[in-house]
Protein chains: 2
Amino acid sequence: MTQLQRRRIPDAAVTRLPVYLQILNNLHATNVLRFSSDELAALAGVNAAKVRKDLSYLGSYGTRGVGYEVTYLIHQIKRELGLLREWNVVVVGAGNLGCALAKFGGFAPRGFPVVGIVDNDPKKIGQTTGSLTVGDVRNLAKMVRDLKVAIGAITTSTATAQSAVDALIDAGVTSILNFAPIVLATPSSVSVRNVDLGVELQILSYYEQMRTEQTEVAKIQTKSSTVSV
Amino acid sequence: MTQLQRRRIPDAAVTRLPVYLQILNNLHATNVLRFSSDELAALAGVNAAKVRKDLSYLGSYGTRGVGYEVTYLIHQIKRELGLLREWNVVVVGAGNLGCALAKFGGFAPRGFPVVGIVDNDPKKIGQTTGSLTVGDVRNLAKMVRDLKVAIGAITTSTATAQSAVDALIDAGVTSILNFAPIVLATPSSVSVRNVDLGVELQILSYYEQMRTEQTEVAKIQTKSSTVSV
DNA sequence: ATGCCTTCGTGCATAATTTCACAAGGTCTC
DNA sequence: GAGACCTTGTGAAATTATGCACGAAGGCAT
Ligand SMILES: NC(=O)c1ccc[n+]([C@@H]2O[C@H](COP(=O)([O-])OP(=O)(O)OC[C@H]3O[C@@H](n4cnc5c(N)ncnc54)[C@H](O)[C@@H]3O)[C@@H](O)[C@H]2O)c1
Ligand SMILES: NC(=O)c1ccc[n+]([C@@H]2O[C@H](COP(=O)([O-])OP(=O)(O)OC[C@H]3O[C@@H](n4cnc5c(N)ncnc54)[C@H](O)[C@@H]3O)[C@@H](O)[C@H]2O)c1
């Protein structure tokens with residue numbers, strides 16, 4: 001077994017690198033040249049040691065006593081995340097959300113141009129949304145090949161999301177961004193990220209309820225003078 | 001210190017409970033009465049022991065040798081997540097995304113009715129989107145009070161997201177769903193969930209690049225007959 | 001009733017992640 | 001160029017999460 005493979009970055013760190021990158025891009029835009037782990041930690045809302053450890057997975061690119069160079073670190077994070085090239089995205093499902101994504105201009109500048117959108121509804125096929133014409137989902141494989149699609153976004157109805165992802169995988173796509181509130185069945189060789197607003201709201205609800213209960217407990221404790229167990 | 005507070009559920013488990021709930025709702029809709037941890041694990045794409053442990057945080061609601069009752073578990077998860085009541089949502093920023101959320105009918109049935117939407121652009125204020133009229137962001141505090149808003153969704157431009165969240169927190173909102181690609185500064189007493197598609201795409205890009213490099217290494221290894229270290 | 005069969009609940013080992021703490025290695029001033 | 005002063009990079013400890021393995025507990029057939 002040759003150990004040529006890149007040093008693996010822990011999953012938890014991978015999810016934070018894009019956040020750091022965002023912040024560094026902002027710093028760059030405001031002409032900041034250098035930053036310390038403390039500063040980045042404050043901006044990212046995390047621990048400074050965590051920042052240093054995360055950045056150390058990229059290599060030793062800091063200078064002791066000084067900090068890190070903004071532009072250099074931006075380059076290194078991009079390299080590690082695979083952002084020195086573009087990754088083409090196809091949207092499957094030209095409904096409300098799918099069309100919003102296709103129209104949204106915020107992805108192409110970040111290296112993820114939306115190069116196609118498809119649907120299975122004859123009424124949708126042929127319509128234009130943003131600068132794209134809705135294609136037929138039956139041509140997905142050809143589209144993936146011709147347009148060098150790397151990532152598929154699932155914005156179909158929930159009921160058809162599984163068949164949509166099956167079609168994407170058949171077409172050779174191995175990275176999926178899923179907006180349908182369903183757990184997709186996929187081989188382990190495929191990456192799936194789920195964006196489920198319902199789930200997010202329910203998580204918020206849990207912590208909100210915790211806080212509510214806690215303040216209620218506090219109130220009760222205040223009223224009944226000295227109750228202790 | 002009285003130990004009246006509810007047994008704390010680990011964060012990792014909290015993020016999975018909504019997923020289980022989704023699946024159980026589907027099972028319920030297809031008239032399934034019971035399930036085993038193995039079955040739910042397969043549907044959720046996780047380990048069966050993890051399912052049992054997660055469900056055990058709710059209490060001992062399974063029957064050994066049999067499994068769990070769908071409707072009963074649905075109730076218990078809802079109770080724990082705080083879904084036995086509704087949590088009203090206000091959307092701040094009536095642009096593309098904000099209006100899409102306001103129009104989307106999928107949240108109210110899940111217990112999160114969108115009761116208001118506001119903007120700071122005079123041209124937007126007064127327009128109707130879905131069944132709502134866009135209000136003035138300056139009336140946010142009154143709105144939160146009158147409509148008993150529990151959760152705020154930030155869909156403003158990135159530059160104004162921080163002031164929008166400040167306004168929400170001033171108004172007494174302690175749960176935030178943030179769609180702007182920025183790390184918000186908030187007191188620790190406020191919960192924030194970030195939904196950043198750019199981040200998701202970049203995470204996918206990392207793993208996609210890993211796979212690409214791996215297959216390239218494999219190819220090289222195949223070509224150069226026996227290279228070993 | 002007895003015994004077999006199934007599946008839960010959980011103690012415990014392992015793995016992953018976070019955090020601490022500090023030596024190492026730099027810059028900057030005088 | 002010596003010393004004061006910073007901030008990184010990273011072992012090691014602490015915390016959190018995962019997964020195994022098995023006893024406990026119930027149903028069901030005979
Ligand atoms: N709209 C929102 O704000 C929002 C928010 C959160 C989640 N979602 C989720 O996103 C998904 C899409 O939502 P939407 O509001 O855009 O729904 P929609 O009904 O407007 O759009 C779905 C589109 O997918 C197409 N489609 C269905 N099956 C297909 C298939 N097999 N191949 C190709 N196209 C197919 C339909 O023809 C339709 O055009 C849903 O799962 C929804 O739950 C939407
Ligand atoms: N549209 C998408 O598909 C999409 C996808 C991913 C992320 N986002 C993010 O979501 C956010 C909104 O995107 P969008 O496309 O809807 O933008 P948009 O420009 O269409 O809408 C922003 C709206 O917010 C309003 N606004 C600005 N400052 C405000 C304030 N302080 N108070 C109240 N309202 C205010 C503006 O008047 C405008 O109506 C952006 O941060 C964007 O990056 C959007």
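Below, each value reflects all heavy atoms present in this structure, side chains not excepted, and no hydrogens, waters or symmetry copies. Convention: sequence-line order gives letters A, B, ...; per-chain numbering from 1.
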Contact residues, residues 10-28 of chain A to DNA chain C [heavy atom, < 4.0 Å]: A:Pro10, A:Asp11, A:Ala12, A:Arg16
Give a yes or no on whether the backbone of B:Ala44 and the side-chain of B:Arg16 come within a donor-acceptor separation of less than 3.5 Å. no
How would you list, by chain and number, every residue that makes a ring pair (Phe, Tyr, Trp, His ring centres under 6.0 Å) with B:Phe107, sequence neighbours excluded? B:Phe104
How would you list all residue pairs meeting ring-ring contact (aromatic ring centres under 6.0 Å, His included) that involve residues 22-47 of chain A, not counting sequence neighbours? A:Phe35-A:Tyr68
Kindly indicate whether the side chain of B:Glu200, heavy atoms from C-beta on, has any atom under 4.5 Å from the side chain of B:Val195. no
Heavy-atom side-chain proximity of A:Leu27 to A:Leu43 below 4.5 angstrom: yes
A side-chain contact here means heavy atoms from C-beta on lying under 4.5 Å apart; do A:Leu21 and A:Leu83 qualify? yes
Taking C-beta and beyond as the side chain, do A:Ser205 and B:Phe112 meet within less than 4.5 Å on heavy atoms? yes
Test log, rule side chain to side chain donor-acceptor pair (under 3.5 Å), inputs A:Ser157 and A:Thr160: CA-CA 6 Å; A:Ser157 57; A:Thr160 53; 3.0 Å; yes
At a heavy-atom distance below 4.0 Å, which nucleotide of DNA chain C is the first touched by chain B, and which is the last? C:dT6 to C:dC12
Is it the case that the side chain of B:Thr155 and the backbone of B:Val92 share a donor-acceptor pair, with hydrogens and angles ignored and the cut-off at 3.5 Å? yes
Which letter, B, S or -, goes with each nucleotide of nucleotides 22-30 of chain D from 5' to 3', with contact meaning a protein heavy atom under 4.0 Å? -BBBSS---
Rounded off to whole Å, could you give me the OH-to-C1' distance for the A:Tyr68 and D:dT7 pair? 8 Å
Can you give me the closest heavy-atom contact between A:Gln22 and B:Pro181, atom names plus distance? CD-O, 3.5 Å
Should B:Gln209 and A:Arg85 count as side-chain neighbours, where that means a heavy-atom distance under 4.5 Å? no
Dump every N/O contact between nucleotides 11-15 of chain D and the protein below 3.5 Å, one line per pair.
{"residue": "D:dG11", "atom": "O6", "partner": "A:Lys53", "partner atom": "NZ", "Å": "3.3"}
{"residue": "D:dA12", "atom": "N6", "partner": "A:Lys53", "partner atom": "NZ", "Å": "3.1"}

Under a 3.5 Å distance rule, please check whether B:Trp87 uses its side chain to pair with a backbone N or O of A:Glu208 as donor and acceptor. no
